[in-house]
Amino acid sequence: MDYIDRALAAVKEKNRYEPEFLQTVTEVLGSLRRVVEQHPEYEKAKLLERITEPERVISFRVPWVDDKGEYQINRGYRVQFSSSIGPYKGGLRFHPSVDRSILKFLGFEQIFKNSLTGLPIGGAKGGADFDPKGKSDDEVMRFCQSFMNELYRHIGPDCDVPAGDIGVGSREVGYLYGQYKRLTRQYCGVLTGKGTTYGGSLIRTEATGYGLVYLTHEILSHRGKSLEGKRVVISGSGNVAIYAAKKAQELGAVVVTMSDSNGYVYDKDGIDVPAVQQIKEVHRGRIKEYVAGHPSAEYHEGCKGVWSVPCDIALPCATQNEIDLESAQSLLKNGCWMVSEGANMPSTLEAVAAFQKAGILFAPSKAANAGGVAISALEMSQNSLRLSWSAEEVDQRLKEIMAHIYESMSAAAAEYGDSPEDFVTGANAAGFLKVAEAMMAQGLV
Ligand code: NDP
Ligand code: 2IT
């Protein structure tokens with residue numbers, strides 16, 4: 001057994017009940033063989049053992065009162081995974097499925113994603129097993145306030161800067177920020193994704209979806225291709241999905257699907273994105289409501305069916321493991337030749353292997369969805385400067401950051417991958433090397 005296999009076996013032994021975390025560690029470590037061969041010093045420094053162990057995991061009770069006056073108890077977390085290259089940074093997820101394994105997977109991915117942006121941010125993730133769906137604004141506010149009553153002692157603008165993720169958007173960030181300010185009497189950049197009237201950055205709302213499409217465009221244009229006229233299947237209808245759809249259409253693509261956890265809509269004429277925004281962002285409704293005003297559209301129950309719709313390009317933008325082997329095979333069979341991941345780890349290990357075997361273009365999430373956290377880092381910069389940049393300036397920087405990610409991922413794929421288009425290895429190696437160098441310089445911590 002080499003160092004990678006030994007480290008991986010130890011992680012598996014130690015984290016037996018954390019399948020999502022083991023999935024990402026298996027992928028990342030498995031792609032670092034050539035990197036580790038070139039750096040024998042990493043083994044003596046126990047670098048892989050250290051990088052796979054979070055610096056800190058905080059778990060806490062979140063009690064709150066619902067509108068009926070009944071007491072409710074949820075479990076909150078913050079996984080502070082790595083502060084090697086900057087303060088802990090990463091989103092908060094509110095979803096009933098949230099547990100330690102999911103947050104450790106997300107926190108681990110965030111280390112390398114944040115490194116790839118080229119900006120000084122460490123890796124973290126947090127959240128709660130709270131379901132905002134069907135809750136009133138007042139209930140969400142009381143939950144957020146109670147959550148922050150614990151979280152505030154662990155975060156700060158130079159220590160740990162949370163943001164949004166599934167179930168946490170501008171409404172939740174607003175309530176969290178208000179409570180942090182009340183508890184600490186500090187008006188600072190402790191959260192990103194804030195409203196633009198109180199320190200938020202322009203383009204942060206759009207950044208993940210736009211960044212996903214900018215990276216996709218970058219990969220295509222280096223191969224003499226473009227999004228013009230391409231049929232694009234998108235899953236999800238939340239923050240990432242909506243702005244990915246909008247930007248893909250701006251670049252000439254025909255987006256034919258969007259989905260939620262109940263089902264998907266197929267609109268052969270192309271999805272009417274403002275209508276989806278109205279349903280999801282304004283009314284917090286369900287995607288099936290879309291068909292009411294759109295006779296060209298069909299609604300299908302079940303979210304997996306979206307992968308059976310013929311397309312050129314798939315942009316999974318809902319959640320982890322939404323594309324399993326069967327879905328991957330269905331995409332391939334129906335002509336899909338590119339997958340760019342908007343969600344975090346939307347493809348299972350078997351699905352990724354199928355895409356790689358088929359030789360299609362595959363942009364892994366830690367590169368493809370890094371635009372969101374990159375603009376979060378720019379929000380931190382603007383807060384420190386006590387300035388706000390224009391939308392044009394932030395959008396331009398986002399394009400440059402995604403182009404830089406493409407360059408680093410491609411260069412590392414050529415050096416450490418099985419082929420110059422092995423972007424999985426490229427993204428992992430490029431993200432890892434910067435963090436590893438910083439860890440080596442900082443001694444045994
Ligand atoms: P939202 O909460 O805005 O939207 C989530 C969407 O995904 C909804 O359409 C939701 O449907 C669907 N979804 C969530 N869970 C499931 C599930 N278990 N099965 C099927 N569909 C599901 O979240 P975001 O758009 O912010 O996040 C989407 C993905 O992008 C996540 O993987 C997130 O980690 C990732 N991401 C987000 C970033 C950001 O800046 N927001 C940055 C980088 C990555 P429903 O309403 O039915 O739950
Ligand atoms: O997965 C992610 O990168 C995010 N949810 C965004 C994190 C952030 O800090 O903006």
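Keep in mind it's a predicted model, so treat the numbers as computed, not measured. Note that ligands are numbered from 1 as they come in the structure, with each ligand's atoms numbered from 1 the same way.
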**Prompt:** Any idea which protein heavy atom is nearest atom 33 (C) of ligand 1, and the distance to it?
**Reply:** D165 OD1, 3.2 Å
**Prompt:** What are the atoms of ligand 1, with element, lying closer than 4.0 Å to any heavy atom of A343?
**Reply:** 29 (C), 30 (O), 32 (O), 35 (C)
**Request:** Report yes or no: is the cationic atom of K135 (NZ for Lys, CZ for Arg) under 6.0 Å from the centre of the six-membered ring of F130, at an angle within 45° of the ring normal?
**Result:** yes
**Complete:** Note: ligand 2 atoms sitting under 4.0 Å from heavy atoms of K89 are 8 (C), 9 (O)
**Item:** Heavy-atom nearest option to atom 21 (N) of ligand 1, drawn from A368, S261, G302, G211
**Value:** S261
**Message:** Evaluate A241 for polar contact with ligand 1, using N/O atom pairs at a separation under 3.5 Å.
**Reply:** no
**Request:** Run the numbers for me: atoms of ligand 2, each under 4.0 Å from some heavy atom of S376, listed by number.
**Result:** 8 (C), 9 (O), 10 (O)
**Message:** Would R93 count as a contact residue for ligand 1, given that I'm defining contact as a non-hydrogen atom of the residue lying under 4.0 Å from a ligand atom?
**Reply:** yes
**Atom of T192, atom of A163 and distance for their closest heavy-atom approach** = OG1-CB, 3.2 Å
**Asked** With a 4.0 Å cut-off on heavy atoms, is S237 touching ligand 1?
**Response** yes
**Item:** Side chain, backbone, both or neither: the part of C317 lying under 4.0 Å from ligand 1 by heavy atom
**Value:** backbone
**Asked** Are N321 and Q23 close enough, and set up right, to give a side chain to side chain donor-acceptor pair (under 3.5 Å), and what steps lead you there?
**Response** CA-CA 10 Å; N321 292 329; Q23 183 180 335; 2.8 Å; yes
**Complete:** Closest non-hydrogen atoms of V35 and A429, given as atom of the first, atom of the second and distance, are CG2-CB, 3.8 Å
**Message:** So for ligand 2, is N369 a polar contact partner (N or O within less than 3.5 Å, distance only)?
**Reply:** no
**Request:** Answer with yes or no after comparing the ring centroid distance for Y198 and Y177 against a 6.0 Å cut-off, counting only values under it.
**Result:** yes
**Message:** Tell me whether E322 reaches ligand 1 (any heavy atom closer than 4.0 angstrom to a ligand atom).
**Reply:** no
**Asked** Counting heavy atoms only, which part of T208 comes closer than 4.0 Å to ligand 1: side chain, backbone, both or neither?
**Response** side chain
**Atom indices of ligand 2, in the order listed, that fall short of 4.0 Å to a heavy atom of G164** = 4 (C), 5 (N), 6 (C)
**Request:** Just need the protein heavy atom nearest to atom 7 (C) of ligand 2, so name the residue and atom and give the distance.
**Result:** G91 N, 3.5 Å
**Message:** Whether D165 and R93 form a salt bridge (side-chain N of Lys/Arg under 4.0 Å from carboxylate O of Asp/Glu) is what I want to check.
**Reply:** yes
**Request:** Kindly check if the number of other-residue, nucleotide or ligand heavy atoms within 6.0 Å of CD (Q442) is above 12?
**Result:** yes
**Asked** So, are D67 and R142 salt-bridged, with charged N and O less than 4.0 Å apart?
**Response** yes
**Request:** Write out the residue and atom name of the closest protein heavy atom to atom 31 (C) of ligand 1, then the distance separating them to 0.1 Å.
**Result:** A318 O, 3.3 Å
**Request:** May I have the step-by-step check of side chain to side chain contact (heavy atoms under 4.5 Å, CB included) for S261 and K133, ending in yes or no?
**Result:** CA-CA 12 Å; S261 54; K133 235 178 269 165; 3.7 Å; yes
**Passing candidate, side-chain contact (heavy atoms from CB on, under 4.5 Å) with Y88, options Q110, H154, E55** = E55
**Prompt:** Please state which protein non-hydrogen atom is closest to atom 32 (O) of ligand 1 and give its distance, to 0.1 Å?
**Reply:** N344 N, 3.1 Å
**Prompt:** For atom 2 (C) of ligand 2, what is the nearest protein heavy atom, given as residue, atom name and distance?
**Reply:** K113 NZ, 3.2 Å
**Item:** atom 48 (O) of ligand 1: the protein heavy-atom neighbour that sits closest, reported with distance to 0.1 Å
**Value:** K133 NZ, 2.9 Å
**Fill in**
min-distance protein heavy atom vs atom 24 (P) of ligand 1 -> V240 CG2, 3.9 Å
**Fill in**
protein heavy-atom neighbour closest to atom 6 (C) of ligand 1 works out as G238 N, 4.0 Å
**Asked** Please walk me through it: do S340 and T216 pass side chain to side chain donor-acceptor pair (under 3.5 Å)?
**Response** CA-CA 7 Å; S340 280; T216 304; 3.0 Å; yes
**Asked** Is the F147 to F94 ring centre distance short of 6.0 Å?
**Response** yes
**Message:** Heavy atoms only, cut-off 4.0 Å: how does Q320 contact ligand 1, side chain, backbone, both, or neither?
**Reply:** neither
**Request:** Of all the heavy-atom pairs spanning S365 and M345, show the shortest one and how long it is.
**Result:** OG-N, 3.1 Å
**Prompt:** Does a side-chain heavy-atom distance below 4.5 Å link S237 with D260?
**Reply:** yes
**Asked** When you measure from atom 27 (O) of ligand 1 to every protein heavy atom, which one gives the shortest distance, and what is it?
**Response** I166 CG1, 3.6 Å
**Prompt:** For the ring pair F81 and F108, is the centre-to-centre distance below 6.0 Å?
**Reply:** yes
**Contact (N/O only, under 3.5 Å) between P162 and ligand 2** = no
**Asked** Considering only heavy atoms of H95, which atoms of ligand 1 have at least one such atom less than 4.0 Å away?
**Response** 15 (N)
**Message:** Taking 4.0 Å as the limit for heavy-atom contacts, which would you say applies to M380 with ligand 2: side chain only, backbone only, both, or neither?
**Reply:** neither
**Complete:** Closest to atom 6 (C) of ligand 2 (heavy atoms only, candidates R204, K125, E109) is R204
**Message:** Could you check whether R61 pairs with E150 (Lys NZ or Arg NE/NH1/NH2 to Asp/Glu carboxylate O, under 4.0 Å)?
**Reply:** no
**Request:** Mind checking whether T208 contacts ligand 2 via backbone (N, CA, C, O), side chain (CB onward), both or neither, at a 4.0 Å heavy-atom cut-off?
**Result:** neither
**Asked** Out of Q249, R231, K247, which one pairs with V255 under the side-chain contact (heavy atoms from CB on, under 4.5 Å) rule?
**Response** Q249
**Request:** Assess whether side chain to side chain donor-acceptor pair (under 3.5 Å) is satisfied between S296 and D267, documenting all intermediate values.
**Result:** CA-CA 6 Å; S296 55; D267 192 337; 2.8 Å; yes
**Prompt:** Going by the atom numbers of ligand 1, which of them fall below 4.0 Å from some non-hydrogen atom of G236?
**Reply:** 9 (O)
**Request:** Starting from atom 17 (C) of ligand 1, locate the nearest protein heavy atom and write down its residue, its atom name and how far away it is, to 0.1 Å.
**Result:** T319 CG2, 3.4 Å
**Prompt:** If you measure from each non-hydrogen atom of R204 to ligand 1, which part falls under 4.0 Å: side chain, backbone, both or neither?
**Reply:** side chain
**Message:** Counting only nitrogen or oxygen atoms and a 3.5 angstrom limit, does K125 reach ligand 1?
**Reply:** no
**Message:** Under a 4.0 angstrom heavy-atom cut-off, which atoms of ligand 2 come close to A163?
**Reply:** 8 (C), 9 (O), 10 (O)
**Pair K366, N114: side-chain N/O donor-acceptor within cut-off below 3.5 Å** = no
**Message:** Need the ligand 1 atom indices (1-based, order shown) with element for anything under 4.0 Å from a heavy-atom of S259.
**Reply:** 9 (O)
**Asked** For ligand 1, which atoms, with element, lie under 4.0 Å from some heavy atom of G342?
**Response** 30 (O), 35 (C), 44 (C)
